[in-house]
Amino acid sequence: MSSIADPIASSPAAEATAAKTKAVAPAITLPAAGERELRLDLFRGLALWLIFIDHLPTNLLTWLTIRNYGFSDATEIFIFISGYTAAFVYGRAMQEAGFTIATARVLRRVWQIYVAHVFLFTIFLAEISYVATSFENPLYTEEMGIMDFLKQPDVTIVQALLLRFRPVNMDVLPLYIVLMLFLPLILWLMKWKPDVTLGLSVLLYALTWQFDLYLSAYPNGVWAFNPFAWQLLFVFGAWCALGGARRMSRILASPITMWICIAYLVAAFFVTLTWHVPQLGHVMPKIIEQWMYPINKTDLDVLRFAHFLALAALTMRFLPKDWPGLKSPWLRPLILCGQHSLEIFCLGVFLAFAGHFVLAEVSGGAALHALISVCGILIMWGMAWIISWYKHSADKGASRTKGAGGNADLAGGGA
């Protein structure tokens, strides 16, 4: 059955209009405004819990973190989601308000994260110094990497403000600050050619390995997370947020992709098994060991990146965004922590040292180790609940305004 619109729809003029519309379509696409991706909150919260557990001395719960069963760990999850959420929030701002306004918003957020880092650094130093002095145990200052601060506090503070001096467990925020500084350029390039932008990121990653590019740290050494290498994961997250994941949907849905990912994860599991069971060391062929090792975390080894990609691909396949379990009260603690990641990350650094101190001073065996880990997680959940209550109850007007802006906390301060 035909209608009066049929001849018009098939006319040359209509076809020309459609072609013109397609030609001016933006190179990037964004999810609908106000759409919240609970999977991001879930896995960002999981990453925060895993980072906290991994920063504690080895205990029972440590064996539940992913670093013991493959090449990557929670850091890859955290940086990828940070890139994704940052692009989600500020990519929309760049489309709606332009490059200048979006850049100003990014720089404001960078300043907020920088202030949080300085505040964390100050309180962390005070915490370590108090414990070391009160219990007359200078080993804490050495273990936490603040011995140079006690020797030369004036020089060390300046270096800390320049992000070159960092105590133990305080390497993630400086990396994120540097990556966020380049976000406006990344988004501008993504708006032009997203695939070319990702290609340039890969090129910089390759040049980093070829020419040993790095940022120096004080008093010696290099950054624990090399921004020249880790930018690849951040840019890849931004690329996925701005339409890359949608364009890869057919590849991700392929059974071939699924089985390649499973095979790689199984192989990585058996390799890491040889680390924990020395008797299995002879199983690994020497030629593979020479090619594989060392698996460099500082420069984001290709094997680590590939391991994360395999995990992400299987997650996307078996955990759809409309999965009913995302509404489960059992996952609510993880999601709440993921929604307030900046505050919870800072809290986790304090709790990790507090747990380290208790375990060093009190000999309680595996039960005490597990108890401290669980208590730390409960405190993080409780703090996330308080922050959420405040944002939604004590400041409802501000909460509604932010709620339409996206689902990034560390990136953009979303509710």
Side-chain angles (χ1 to χ4, degrees), residues 30-31 35-54 65-67 70 72-92 106 109-110 113 116 171-180 182-183 186-187 190 198 201 225 227 229-246 248 252 300 304-305 307-321 323 326 331 333-346 348 380 384 405-415:
L30 288 164
E35 180 182 349
R36 185 150 200 133
E37 175 60 271
L38 290 180
R39 289 180 301 180
L40 294 177
D41 295 329
L42 173 67
F43 286 104
R44 184 163 47 189
L46 177 63
L48 290 169
W49 287 14
L50 295 180
I51 289 173
F52 163 70
I53 293 173
D54 285 338
T65 63
I66 62 175
R67 70 175 182 177
S72 64
D73 59 25
T75 310
E76 279 85 354
I77 301 174
F78 196 72
I79 295 300
F80 171 81
I81 294 179
S82 297
Y84 191 106
T85 52
F88 176 87
V89 172
Y90 297 108
R92 185 175 303 282
V106 171
R109 189 56 180 170
V110 170
I113 299 173
D171 298 295
V172 174
L173 285 186
L175 169 66
Y176 191 67
I177 289 170
V178 171
L179 295 178
M180 283 290 289
F182 289 92
L183 181 62
I186 294 170
L187 293 178
M190 287 277 186
L198 182 60
S201 176
F225 300 110
W230 281 82
Q231 55 78 29
L232 176 60
L233 198 56
F234 184 82
V235 173
F236 179 68
W239 180 81
C240 288
L242 301 179
R246 178 182 55 79
M248 287 195 306
L252 294 175
L300 186 60
R304 293 181 64 98
F305 185 64
H307 187 263
F308 168 78
L309 291 181
L311 288 174
L314 292 180
T315 300
M316 291 291 292
R317 183 183 183 90
F318 295 108
L319 188 66
K321 65 185 303 182
W323 179 51
L326 294 173
L331 296 181
L334 280 169
I335 292 174
L336 274 179
C337 289
Q339 290 174 350
H340 308 290
S341 52
L342 179 57
E343 299 91 338
I344 301 305
F345 173 82
C346 294
M380 294 165 72
N407 60 346
D409 174 63
L410 190 59

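Counting from 1, the numbers follow the sequence of the chain as shown.
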With a 3.5 Å cut-off and sequence neighbours excluded, list the donor-acceptor pairs that the side chains of residues 237-245 form with protein atoms.
unit_1	atom_1	unit_2	atom_2	d
Trp239	NE1	Asp195	OD1	2.9

- request: Write down the atom of Pro227, the atom of Val178, and the distance for their closest heavy-atom approach.
  value: CB-CG1, 4.0 Å
- prompt: If you measure from CG on Asp54 to OG1 on Thr65, what distance do you get to the nearest 0.5 Å?
  reply: 4.0 Å
- line: Scanning both residues in full, the closest heavy-atom pair of Ser72 with Leu311 reads OG-CD1, 3.9 Å
- prompt: Could you walk me through whether Met180 and Leu183 pass the side chain to side chain contact (heavy atoms under 4.5 Å, CB included) check?
  reply: CA-CA 5 Å; Met180 283 290 289; Leu183 181 62; 3.9 Å; yes
Exercise: identify the closest heavy-atom pair between Leu252 and Ala313: CD2-CB, 3.9 Å
task: Any chance you could measure Met380, atom CE, to Leu334, atom CG, to the nearest 0.5 Å?
output: 9.5 Å
field: Cation over ring face, Arg92 and Phe88, 6.0 Å, 45°
entry: yes
query: With Ala116, which residues qualify under side chain to side chain contact (heavy atoms under 4.5 Å, CB included), at least two apart?
result: Leu342
- request: First locate atom CG of Leu50, then atom CD1 of Ile77, and finally report the distance between them rounded to the nearest 0.5 Å.
  value: 6.0 Å
query: In Å, rounded to the nearest 0.5 Å, how long is the span from CZ of Phe234 to CD1 of Ile79?
result: 8.0 Å
Side chain to side chain donor-acceptor pair (under 3.5 Å) partners for Arg304, two or more places apart: Asp73, Glu76
query: Who pairs with Ser201 by side chain to side chain donor-acceptor pair (under 3.5 Å), at least two apart in sequence or on another chain?
result: Gln231
task: Determine, step by step, whether Leu319 and Phe43 satisfy the side chain to side chain contact (heavy atoms under 4.5 Å, CB included) criterion, reporting the C-alpha distance in whole Å, the side-chain angles of both residues, the deciding distance to 0.1 Å, and the verdict.
output: CA-CA 11 Å; Leu319 188 66; Phe43 286 104; 3.5 Å; yes
- prompt: Do the non-hydrogen side-chain atoms of Ser82 and Leu233 ever get within less than 4.5 Å of each other?
  reply: no
task: Name all residues meeting the ring-ring contact (aromatic ring centres under 6.0 Å, His included) criterion together with Phe308; count only those two or more places apart in sequence or in a different chain, and write none if there are none.
output: Phe80
message: Within this structure, what is the CZ-NE2 distance for the pair Arg67 and His307, rounded to the nearest 0.5 Å?
response: 14.0 Å
All side chain to side chain contact (heavy atoms under 4.5 Å, CB included) counterparts of Ala310, not counting sequence neighbours: Cys261, Tyr264, Leu265
field: For Trp49, ring-ring contact (aromatic ring centres under 6.0 Å, His included) partners two or more places apart
entry: none
- request: Start with the C-alpha distance between Ser341 and Thr85, add both sets of side-chain angles, then the distance that settles side chain to side chain contact (heavy atoms under 4.5 Å, CB included), and finish with yes or no.
  value: CA-CA 12 Å; Ser341 52; Thr85 52; over 6 Å; no
statement: Hits for side chain to side chain contact (heavy atoms under 4.5 Å, CB included) against Val172, two or more places apart or cross-chain, chain-then-number order -> Phe78, Phe225, Phe345
query: Got a second to check how far Asp41's CG is from Leu46's CG, nearest 0.5 Å?
result: 12.5 Å
message: Can you give me the closest heavy-atom contact between Tyr176 and Ala86, atom names plus distance?
response: OH-CB, 4.0 Å
message: If you compare all heavy atoms of Glu343 against all heavy atoms of His340, which two are closest, and at what distance to 0.1 Å?
response: OE1-O, 3.2 Å
- request: Please name all residues satisfying side chain to side chain contact (heavy atoms under 4.5 Å, CB included) with Leu326, sequence neighbours left out, ordered by chain then number.
  value: Leu38, Arg39, Leu42, Trp323
query: Who pairs with Asp171 by salt bridge (charged side-chain N to carboxylate O under 4.0 Å, His left out), at least two apart in sequence or on another chain?
result: Arg166
